[in-house]
Amino acid sequence: MDYTTLGRTGLEVSVAGLGCGGFSRLGLGTGGDEAGAITIIRQAIEHGVNLFDSAAAYGTEAVLGKAIKSVARDRVVICTKAPFSWSSGRADPAGIVASLDASLRQLDIEYIDVYQLHGVPPSNYAHALDHLAPVLLRERDKGKFRFLGITETAPHDLQHETLHRAAQDKVWDVAMVGFSMMHQNARERVFPLTRANRVGTLLMFAVRNIFSQPGRLQATLRELAAEGQVAASLAESDDPLGFLIHDGGASSVVDACYRYVRHEKGVDVVLFGTGSPAHLKTNIDSLLKPPLPEADHRKLGELLGHLVGVGLDAPHLSNPRPKS
C-alpha cells in the first residue's frame, strides 16, 4: 500500500480508501450479509487500507465498528457523516450533537477521526458554515472527533460551488469531491484551492455504473455524440475507450478510471466500494499502479475533458439496515 498525508490533518492514510456506502454498501446492498461485510473490511485492512468512510445514511456504521474491534484504534482512520437532514439548511443546529453521538454509539468507538457534513448543496452552505460548524467544533474540542469535513452533493453541484467556497474558509479540514474521467472540472474548481489551503481530499465517483455496467458507456457516448458533445467516432465504436488498453497501458477501462484519478494533483485518497473480495483486490491493485501513459492521459483530456456531470449516478438510500 502507498500512504499519503491527508492535508493539514497530519493523518497518514492509504491512497485507497474503502467506501462503506455506494451501490454495494460492503455487499449489503447487493444481497450480502453482515458477516460478509465484516470480511471485506478485514481483508481491506490486510491489504493495507487504513481509511474507511461510512455515513449515518449508509446503515454500515455498526458493521464497520464490529470489523475494526480486532485492530488497534490508531491503525485505522474512521470517517463518517451526519444524516442528510443536517444539510437541508432548516434543522436546529443543536440537534446535530445527538447525531454525532449516535454515530459514536453505532461505531462503538471513543472518537471519530473525520466527521463530515453530508452532501451540502450550495444554497445551504452558509447555514453549514455559520450555524453547524461552530456547534461541531465545540464537540471536537470535547474529543468526540478529530477533524471536520464536508462533502458536496456531486450530481446537484456540477460546478463544485460548495467546495469552491469551503476550501477557502479554513474551517473544514477535509473535503469529499466528485472527479472522474467524465467529470474533470474539479481540476480547476477545487484542487488548486484545497492544495493551497492544505485541505485533505477524499475522492468519490471515480467509477460508477457508466464504467462498470456493460453497454452503459457506449449508450451514454452515443447520446452525447447525438447532442454534439463528443466526437462522432466515440459513438461509432463498440469499444470507445479501447485505446486505453494495451501493453504498458491499462488492463481494463475500470483500471484506467482508477489510475486516472489516483495520480491527479490534489487527490489524497480515492474511495472505492465493493462487496466482492476479488474486486477489492483488483481495485487496490489498480490504485497502486503507475499513472496512465502520458499520451493516453492527454487523449482523455481532448476527448472528454470538457464534459461536466456525466456518470454521476448516486444510490438512493432509505435507512438501510444490514442483515445479520
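The basis for the numbers below is simple: all heavy atoms, side chains too, and nothing from hydrogens, waters or symmetry mates.
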### Query
Does the side chain of E61 pick up a donor-acceptor pair with the side chain of S54 at under 3.5 Å?
no

Is there a path of hydrophobic side-chain contacts, each under 4.5 Å between heavy atoms of I, L, V, M, F, W or Y residues, that connects [X] with [Y]?
{"X": "V269", "Y": "F52", "answer": "no"}
{"X": "V270", "Y": "L202", "answer": "no"}
{"X": "I109", "Y": "L26", "answer": "yes"}
{"X": "L271", "Y": "I210", "answer": "no"}
{"X": "F147", "Y": "L100", "answer": "no"}

### Task
Assess whether side chain to side chain contact (heavy atoms under 4.5 Å, CB included) is satisfied between C79 and M176, documenting all intermediate values.
CA-CA 11 Å; C79 311; M176 187 177 295; over 6 Å; no

### Task
Let me see the working for T162 and T153 under side chain to side chain contact (heavy atoms under 4.5 Å, CB included), right down to the final yes or no.
CA-CA 9 Å; T162 287; T153 172; 5.8 Å; no

Compare all side-chain heavy atoms of [X] with those of [Y] and state whether any distance is below 4.5 angstrom.
{"X": "T39", "Y": "R42", "result": "no"}
{"X": "F205", "Y": "V177", "result": "no"}
{"X": "V114", "Y": "T9", "result": "no"}
{"X": "Y58", "Y": "L64", "result": "no"}
{"X": "H127", "Y": "L132", "result": "yes"}
{"X": "R189", "Y": "L163", "result": "no"}
{"X": "I40", "Y": "P277", "result": "yes"}
{"X": "L244", "Y": "L300", "result": "yes"}

Does any N or O in the side chain of [X] come within less than 3.5 Å of the main-chain N or O of [Y], such that one atom is a donor and the other an acceptor?
{"X": "Y3", "Y": "G48", "answer": "yes"}
{"X": "N185", "Y": "V308", "answer": "no"}
{"X": "Q116", "Y": "T80", "answer": "yes"}
{"X": "N50", "Y": "S14", "answer": "yes"}
{"X": "E152", "Y": "G178", "answer": "yes"}
{"X": "S237", "Y": "L234", "answer": "no"}
{"X": "Q184", "Y": "M181", "answer": "yes"}
{"X": "D157", "Y": "E161", "answer": "yes"}
{"X": "D173", "Y": "L148", "answer": "yes"}
{"X": "H183", "Y": "G309", "answer": "yes"}

Find the distance between [atom1] ([X]) and [atom2] ([Y]) and round it off to the nearest 0.5 Å.
{"X": "I284", "Y": "L280", "atom1": "CD1", "atom2": "CG", "result": "4.0 Å"}
{"X": "R208", "Y": "C257", "atom1": "CZ", "atom2": "SG", "result": "12.5 Å"}
{"X": "T194", "Y": "Q168", "atom1": "OG1", "atom2": "CD", "result": "10.5 Å"}
{"X": "Q218", "Y": "E223", "atom1": "CD", "atom2": "CD", "result": "12.0 Å"}
{"X": "R138", "Y": "K142", "atom1": "CZ", "atom2": "NZ", "result": "8.0 Å"}
{"X": "N209", "Y": "R216", "atom1": "CG", "atom2": "CZ", "result": "5.0 Å"}

### Task
Just do the side chain to side chain contact (heavy atoms under 4.5 Å, CB included) check on V15 and L288 with the steps written out, would you?
CA-CA 8 Å; V15 298; L288 296 181; 4.1 Å; yes

Listed by chain and number, what are the salt bridge (Lys or Arg N to Asp or Glu O under 4.0 Å) partners of [X], not counting sequence neighbours?
{"X": "D130", "result": "none"}
{"X": "D141", "result": "none"}
{"X": "D239", "result": "none"}
{"X": "K281", "result": "D285"}

Could you report the tightest heavy-atom contact between [X] and [Y], atom names first, then the distance?
{"X": "A154", "Y": "L312", "result": "O-CD1, 3.7 Å"}
{"X": "L224", "Y": "L307", "result": "CD1-CD1, 4.1 Å"}
{"X": "A206", "Y": "S180", "result": "O-CB, 3.9 Å"}
{"X": "A133", "Y": "V171", "result": "CB-CG1, 3.8 Å"}
{"X": "S103", "Y": "K81", "result": "OG-O, 4.4 Å"}
{"X": "G10", "Y": "T5", "result": "CA-CG2, 3.7 Å"}

### Task
Run the numbers on V135 and V97 for side chain to side chain contact (heavy atoms under 4.5 Å, CB included), then give the verdict.
CA-CA 8 Å; V135 172; V97 177; 3.7 Å; yes

### Task
Can you run down the salt bridge (charged side-chain N to carboxylate O under 4.0 Å, His left out) pairs that involve residues 97-124, sequence neighbours left out, and say none if there aren't any?
K69-D108, R73-D113, D101-K144, D113-R146

## Note on the structure
Residue pairs meeting salt bridge (charged side-chain N to carboxylate O under 4.0 Å, His left out), one or both in residues 255-273, sequence neighbours left out, come to D2-R262, R187-E264, D255-R259, D255-K289

### Query
F145 vs Y115 aromatic rings, parallel, tilted or perpendicular, using cut-offs 30° and 60°?
tilted

### Task
If the plane angle is over 60° it's perpendicular, under 30° parallel, otherwise tilted; pick one for Y125 and W172.
tilted

### Centroid-centroid distance, H164 to H160, less than 6.0 Å
no

### Query
Are any of the side-chain nitrogens in K299 or E302 under 4.0 Å away from the carboxylate oxygens of its partner?
no

### Query
Would you find more than 12 non-hydrogen atoms of other residues, nucleotides or ligands less than 6.0 Å from H279 atom NE2?
no

### Message
Before you tell me yes or no, could you show the steps for T4 and E12 under side chain to side chain donor-acceptor pair (under 3.5 Å), namely the whole-Å CA-CA distance, both residues' side-chain angles and the distance that decides it to 0.1 Å?
### Response
CA-CA 6 Å; T4 190; E12 290 299 310; over 6 Å; no

